[in-house]
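For clarity, every value in this text was computed on a predicted model and none was experimentally measured. Order of the sequence lines sets the chain letters (A, B, ...), proteins ahead of strands, with each chain counted from 1.
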Protein chains: 2
Amino acid sequence: MKRNTWQREAVRSALGTQMGFVSAQALHSSLKGTGSQIGLATVYRALADLAQEGEADSLQSPEGEALYRACSLAHHHHLICRSCGLTVEIEADEVEAWAQRTASLHGFSRPEHVVDIFGFCSACVPPVAAELP
Amino acid sequence: MKRNTWQREAVRSALGTQMGFVSAQALHSSLKGTGSQIGLATVYRALADLAQEGEADSLQSPEGEALYRACSLAHHHHLICRSCGLTVEIEADEVEAWAQRTASLHGFSRPEHVVDIFGFCSACVPPVAAELP
DNA sequence: TAGCTAATTGATAATGATTTTCAAAATCAA
DNA sequence: TTGATTTTGAAAATCATTATCAATTAGCTA
């Protein structure tokens with residue numbers, strides 16, 4: 001049976017206070033920073049549980065880290081600045097519908113899609129100007 | 001100056017014979033399997049180069065591995081079976097346009113989007129039937 | 001063709017995220 | 001409270017990927 005521990009609550013609540021996506025490492029540091037004595041392994045376990053129970057969204061950053069975010073109600077998509085990390089929540093009904101349609105069109109079930117756009121926000125100029133047309 | 005080595009050719013050619021996405025590790029094993037003495041670090045470097053030069057596409061698997069695939073010409077999206085690895089190339093003009101539009105709408109430049117759908121193909125039944133409605 | 005020089009290789013060590021281990025601590029039902 | 005069972009957490013183990021650096025090699029150039 002699943003038990004309720006202050007650690008799990010701490011992770012759930014800490015995740016709720018974050019605005020964007022956080023890595024397990026970052027969340028752990030954040031918790032430690034507020035005086036919590038929670039262990040890193042526990043944070044990983046709690047996040048994995050939350051994600052499985054649908055209480056958290058997760059995605060892979062381009063650097064290969066797993067990022068988590070408290071899941072409000074709907075499924076969202078993001079526009080993430082590669083430089084400053086600014087995250088803009090975007091409407092993706094269009095993509096949502098397309099993903100469902102495309103998956104079932106090819107006979108795929110239980111589709112989970114990853115639709116995130118990484119770029120440079122207006123405040124962060126592209127680092128390699130020579131690459132631009 | 002960039003030089004042509006049999007190692008780089010081996011990676012390029014090995015990538016070309018793969019049908020779907022492969023990890024660097026897998027490609028290295030595959031090369032070793034055919035008698036090549038290429039080193040793992042070199043495979044990583046060659047793949048990174050190919051991806052940067054636009055000769056290969058790369059994406060992050062949900063497990064956090066970087067996957068590569070020989071890039072034909074256009075930018076494609078994929079429908080990938082979590083169980084058997086079957087990869088279906090999908091048309092995503094709709095999403096392509098949406099990504100561009102959304103990025104610039106929010107002032108983002110040089111957008112790179114990740115649009116991939118992971119699910120279970122018709123041949124692979126969902127492992128957890130209880131989760132379905 | 002021989003020699004030069006900078007780019008490339010690869011074995012290995014280093015890194016960094018994530019997972020496993022397992023004994024000790026905590027939870028929950030009775 | 002007791003006791004069975006789950007959960008925790010520090011440290012070790014994994015795993016993919018990157019950095020190191022001496023030895024090798026590609027591509028000039030004489």
Side-chain angles (χ1 to χ4, degrees), chain A residues 1-15 18 20-53 55-69 80 82 85 114 118, chain B residues 1-15 18 20-53 55-69 80 82 85 114 118:
Chain A
M1 185 199 304
K2 187 153 296 180
R3 295 177 181 178
N4 294 329
T5 61
W6 65 265
Q7 287 95 336
R8 231 185 270 279
E9 268 315 308
V11 170
R12 197 202 311 273
S13 123
L15 197 60
Q18 296 287 334
F21 279 88
V22 237
S23 65
Q25 306 273 350
L27 202 62
H28 178 242
S29 299
S30 165
L31 282 161
K32 283 290 193 131
T34 64
S36 171
Q37 287 301 112
I38 194 170
L40 179 58
T42 305
V43 173
Y44 272 98
R45 280 187 286 242
L47 284 174
D49 285 351
L50 288 174
Q52 179 160 25
E53 292 162 18
E55 292 195 59
D57 276 328
S58 71
L59 69 84
Q60 290 282 331
S61 78
E63 287 72 34
E65 254 184 317
L67 302 179
Y68 295 87
R69 211 197 64 149
I80 304 157
R82 276 185 194 288
V114 177
F118 292 86
Chain B
M1 182 200 307
K2 186 153 295 179
R3 296 179 182 175
N4 294 327
T5 61
W6 63 266
Q7 288 94 335
R8 232 186 267 280
E9 268 314 309
V11 170
R12 195 204 309 275
S13 125
L15 197 59
Q18 296 287 334
F21 280 89
V22 237
S23 65
Q25 305 274 350
L27 203 61
H28 179 242
S29 299
S30 164
L31 281 162
K32 283 289 194 136
T34 64
S36 172
Q37 286 302 111
I38 195 171
L40 179 57
T42 304
V43 172
Y44 273 98
R45 280 186 287 240
L47 285 174
D49 285 351
L50 288 174
Q52 179 161 24
E53 292 162 19
E55 292 195 58
D57 276 328
S58 72
L59 68 84
Q60 290 283 332
S61 79
E63 288 72 32
E65 255 183 317
L67 302 179
Y68 295 87
R69 211 198 61 150
I80 303 157
R82 276 186 196 288
V114 178
F118 290 86

- Are the side chain of A:S29 and the backbone N or O of A:Q25 linked by a donor-acceptor pair below 3.5 Å? yes

- Message: It should be established whether B:T5 places a side-chain nitrogen or oxygen under 4.0 Å from OP1 or OP2 of nucleotide D:dT25.
- Response: no

- Message: What's A:T42 touching, base or sugar-phosphate or nothing? Going by heavy atoms closer than 4.0 Å.
- Response: base

- Can you tell which of C:dG10, D:dG9, C:dT18 lies closest to the side chain of A:A66? C:dT18

- Query: Do A:N4 and A:E9 come within less than 4.5 Å of each other through their side chains, counting heavy atoms only?
  - Reply: no

- Message: Contact between B:L50 and B:Y68 at the side-chain level, heavy atoms closer than 4.5 Å - yes or no?
- Response: no

- Item | Separation of C:dT8 P from B:I38 CD1 (nearest whole Å) | 14 Å

- Separation of A:Q37 atom CD from C:dA25 atom P, in whole Å? 15 Å

- CG of B:L40 versus C1' of C:dT8: gap in Å, rounded? 16 Å

- Item | Distance-only donor-acceptor test (3.5 Å): side chain B:R3, base D:dT25 | yes

- Message: For the backbone of A:I38 and the side chain of A:H28, can you confirm whether one donor and one acceptor N or O come within less than 3.5 Å of each other?
- Response: yes

- Query: Expressed in angstrom and rounded to an integer, what is the separation of A:L27 atom CG from C:dA17 atom C1'?
  - Reply: 15 Å

- Query: Just how far, in rounded Å, is P of C:dT8 from NZ of B:K2?
  - Reply: 7 Å

- Item | Nearest-Å distance for atom pair CG/P, residues B:L47 and C:dT8 | 16 Å

- Query: Should A:Q7 be listed as having a side-chain N or O under 4.0 Å from OP1 or OP2 of D:dT7?
  - Reply: no

- How many angstroms lie between CG in A:L47 and CG in A:L67, if you round to the nearest 0.5 Å? 10.5 Å

- Answer yes or no: does a side-chain N or O of A:Y44 lie under 4.0 Å from OP1 or OP2 of C:dT19? no

- Item | Side-chain N or O of A:N4 closer than 4.0 Å to phosphate OP1/OP2 of C:dT27 | no

- Where each residue is assigned the nucleotide of DNA chain C containing its nearest heavy atom, which of A:Q25 and B:V43 is assigned the position nearer the 5′ end? B:V43

- Query: Taking atom C1' of D:dA10 as reference, at what distance in whole Å does atom NE2 of A:H28 sit?
  - Reply: 11 Å

- Task: Remember a base hit wins even if backbone is also touched, and classify B:R8 as base, sugar-phosphate or nothing at under 4.0 Å, heavy atoms.
- Result: sugar-phosphate

- Message: Side chain of B:R45, heavy atoms from C-beta onward: which of C:dT18, C:dT20, C:dG10 has the nearest atom to it?
- Response: C:dG10

- Query: Quick one: A:W6 CH2 to C:dA26 C1', roughly how many Å, whole number?
  - Reply: 11 Å

